K.L.:
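Shown below is the structure under consideration.
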Protein chains: 2
Amino acid sequence: MRIGEVASAAGVSTRALRYYEQQQLIVSSRSAGGQRLYAPDTVERVRWIQLLYAAGLSSRTIVEFLPCVHTGIAGPEMIARLRAERDRLDEHMRDLAATRARLDSVLAAAEFDATRSGDEAAEV
Amino acid sequence: MRIGEVASAAGVSTRALRYYEQQQLIVSSRSAGGQRLYAPDTVERVRWIQLLYAAGLSSRTIVEFLPCVHTGIAGPEMIARLRAERDRLDEHMRDLAATRARLDSVLAAAEFDATRSGDEAAEV
DNA sequence: GTAAAAGTTGACGCTGACGTCAAGGGCAAG
DNA sequence: CTTGCCCTTGACGTCAGCGTCAACTTTTAC
């Protein structure tokens, strides 16, 4: 696959893919003319990368994780790192849930106030 | 309260507080000598700000939300924005949960593999 | 009264994940 | 052959939330 195909299949820009390659997150072979060629499973890999970015991991961390993500094999040190990141994720999710709850109660109050002042448009 | 007190009470740097003021997130009066003085509830406000930052909101968004967060009053437009952000948060949390699950299954595989190869240190 | 601690206003630095030109080369179609 | 689209490297730009001097002033403690 060429870079544009991978980009649209994975929903990222070609710039992002070149950046990922520079960060050693993905690899490519080259055509005779020097164009990048990707294995099909690169798309899956890129989706993983996006997930891990969204989870707050850095390129440096992701590049360490990706091998064992694919092979399922990790040394004890890597297992500890994986656990640590999972626990960080858990904590972050708890914080988000708390924030969401507080935001929701603010919303409830605002909606109640809106209905009381007769603003029909704000009602569910 | 002076800036240092608020900073340590809220767990942020003084630099952050000055930045928040510049972004109109908090206000201060001044002493005769020109030093910032804060109302005690500023601490709570700063905690809110931190929560919303952690939830991925920008200063621009937070400055719009904070008034109705405190008063519980919001126009229909603001209520829509609040709902939108809450929904974004929900979606983000779902993504994080999915990522966490996938990470966890990788971990399970790695741990299993580690026990099979007799690496006691990696066992729970 | 004086030294230390805490505060003030600039202003530049930093980090990360790309966006965005610029100036060209590769490649299938007609 | 040339049109047009996709690709290449290189390099500078961006944005946000602060960190970090620097050079002073205010306040506090003794």
Side-chain angles (χ1 to χ4, degrees), chain A residues 1-40 42-43 45-66 85 88 92 95-96 99, chain B residues 1-40 42-43 45-66 85 88 92 95-96 99:
Chain A
M1 301 173 76
R2 295 181 6 185
I3 196 169
E5 303 176 64
V6 176
S8 67
V12 302
S13 67
T14 62
R15 176 67 177 93
L17 291 179
R18 294 196 196 95
Y19 175 72
Y20 295 166
E21 185 168 338
Q22 194 182 349
Q23 302 302 307
Q24 325 250 37
L25 295 172
I26 58 179
V27 293
S28 66
S29 54
R30 296 303 180 113
S31 78
Q35 301 198 348
R36 264 169 268 251
L37 296 177
Y38 297 95
T42 305
V43 175
R45 197 177 170 88
V46 170
R47 293 220 174 93
W48 253 110
I49 293 171
Q50 293 289 102
L51 281 179
L52 295 177
Y53 272 139
L57 307 197
S58 66
S59 292
R60 282 240 340 107
T61 306
I62 296 177
V63 80
E64 294 174 18
F65 282 7
L66 274 183
E85 285 303 334
R88 253 184 19 81
H92 188 207
D95 290 353
L96 287 187
T99 303
Chain B
M1 300 174 76
R2 293 171 35 183
I3 197 170
E5 303 176 65
V6 176
S8 66
V12 301
S13 68
T14 62
R15 177 66 176 93
L17 291 178
R18 292 195 197 94
Y19 176 73
Y20 295 165
E21 185 168 338
Q22 194 183 348
Q23 302 302 306
Q24 325 250 35
L25 295 173
I26 57 177
V27 294
S28 66
S29 54
R30 295 303 180 112
S31 77
Q35 302 200 347
R36 267 169 266 253
L37 295 177
Y38 297 95
T42 304
V43 175
R45 197 177 171 89
V46 169
R47 293 220 175 94
W48 254 110
I49 294 173
Q50 292 289 101
L51 282 179
L52 295 177
Y53 272 139
L57 307 196
S58 66
S59 292
R60 278 228 358 96
T61 306
I62 296 177
V63 79
E64 294 174 17
F65 282 8
L66 274 183
E85 284 303 334
R88 256 185 16 84
H92 188 208
D95 290 353
L96 287 187
T99 303

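Owing to the predicted nature of the structure, the values given are computational and were not obtained by experimental measurement. Naming: A, B, ... by sequence-line order, numbering from 1 per chain.
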K.L.:
Closest nucleotide of DNA chain C for A:Y20 versus for B:G34: which of these residues is on the 5' side?
P.N.:
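Comparing both residues, the 5'-ward one is B:G34.
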K.L.:
Check whether any side-chain N or O of B:Y19 sits under 4.0 Å from OP1 or OP2 of D:dG17, and answer yes or no.
P.N.:
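True: B:Y19 side-chain N/O within range (under 4.0 Å) of D:dG17 OP1/OP2.
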K.L.:
Examine C:dG19: is either OP1 or OP2 under 4.0 Å from a nitrogen or oxygen in the side chain of A:S13? Give yes or no.
P.N.:
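Affirmative; the distance criterion is met.
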K.L.:
Would you kindly give the CD1-to-P distance between B:I3 and D:dT27, to the nearest whole Å?
P.N.:
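Atom-to-atom, B:I3 to D:dT27, this comes out as 15 Å.
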K.L.:
How close or far is atom P of D:dA16 from atom CD1 of B:I49, stated in whole angstroms?
P.N.:
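Taking atom P of D:dA16 as the reference, CD1 of B:I49 is at 16 Å.
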K.L.:
Does B:R2 offer a backbone N or O that forms a donor-acceptor pair with the side chain of B:E5 under 3.5 Å?
P.N.:
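Judged by distance alone, yes, a pair lies under 3.5 Å.
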K.L.:
Any donor-acceptor pair under 3.5 Å joining the side chain of A:R15 to the base of C:dT20?
P.N.:
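Donor-acceptor pair under 3.5 Å: yes.
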K.L.:
Can you label the angle between the B:H92 ring and the A:H92 ring as parallel, tilted or perpendicular, going by 30° and 60°?
P.N.:
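The rings of B:H92 and A:H92 stand perpendicular, inter-plane angle above 60°.
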K.L.:
Classify A:R30 by what it touches in the nucleic acid, base, sugar-phosphate, or nothing, heavy-atom distance under 4.0 Å.
P.N.:
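The answer is sugar-phosphate, as A:R30 gets under 4.0 Å only of primed atoms, P, OP1 or OP2.
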K.L.:
Could you tell me how far apart A:E5 (CD) and C:dA28 (P) are, to the nearest whole angstrom?
P.N.:
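It is 12 Å, rounded to the nearest whole Å.
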K.L.:
I need the CD1-C1' distance between B:I26 and D:dC18, as an integer number of Å.
P.N.:
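Whole-Å distance recorded here is 14 Å.
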K.L.:
How long is the line joining CD of B:E21 and P of D:dC18, in whole Å?
P.N.:
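One finds 15 Å between P of D:dC18 and CD of B:E21, rounded.
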K.L.:
Rounding to a whole Å, what distance do you find between A:R18:CZ and D:dT8:C1'?
P.N.:
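In whole Å, D:dT8 C1' lies 7 Å from A:R18 CZ.
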K.L.:
OP1 or OP2 of C:dG16 versus the side-chain N and O atoms of A:Y53: is any pair under 4.0 Å?
P.N.:
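So the side-chain polar atoms of A:Y53 never come under 4.0 Å of the phosphate oxygens OP1 or OP2 of C:dG16.
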K.L.:
Is the phosphate of D:dT27, meaning OP1 or OP2, less than 4.0 Å from a side-chain N or O of B:S31?
P.N.:
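Checking D:dT27 against B:S31, a side-chain N or O does come within under 4.0 Å of OP1 or OP2.
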K.L.:
Nearest-Å distance, CZ (A:R60) to P (C:dT15)?
P.N.:
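To the nearest whole Å, that distance equals 14 Å.
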K.L.:
Using the side chain to side chain contact (heavy atoms under 4.5 Å, CB included) rule, pick out the option among A:L25, A:L17, A:V63, A:V12 that qualifies with A:I49.
P.N.:
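Running side chain to side chain contact (heavy atoms under 4.5 Å, CB included) over A:L25, A:L17, A:V63, A:V12 with A:I49 returns exactly one hit, A:L25.
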K.L.:
Judged by each residue's nearest nucleotide on DNA chain D, which is more toward the 5′ side, B:Q35 or B:Q50?
P.N.:
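Its nearest nucleotide lies further toward 5', so the answer is B:Q50.
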K.L.:
From B:Y20 OH over to B:R45 CZ, what is the distance, rounded to the nearest 0.5 angstrom?
P.N.:
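So the gap between those two atoms works out to 12.5 Å.
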K.L.:
Between A:S59 and C:dA17, is there a contact of a side-chain N or O with OP1 or OP2 at under 4.0 Å?
P.N.:
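Yes.
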K.L.:
Using heavy atoms to find the nearest nucleotide of DNA chain C for B:Y38 and A:G33 separately, return the residue whose nucleotide is more 5′.
P.N.:
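Taking each residue's closest nucleotide, the earlier one in sequence belongs to B:Y38.
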K.L.:
Ignoring hydrogens and angles, are the base of D:dT27 and the side chain of B:R2 linked by a donor-acceptor pair under 3.5 Å?
P.N.:
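Per atom types, no contact qualifies.
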K.L.:
For the CZ atom on A:R30, are there more than 12 heavy atoms of other groups (residues, nucleotides or ligands in this structure) within a distance under 6.0 Å?
P.N.:
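Yes, because the 6.0 Å sphere around CZ of A:R30 holds more than 12 heavy atoms from other groups.
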K.L.:
Whole angstroms only, please: what is the CD-P distance between B:Q22 and D:dC18?
P.N.:
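Result: 12 Å.
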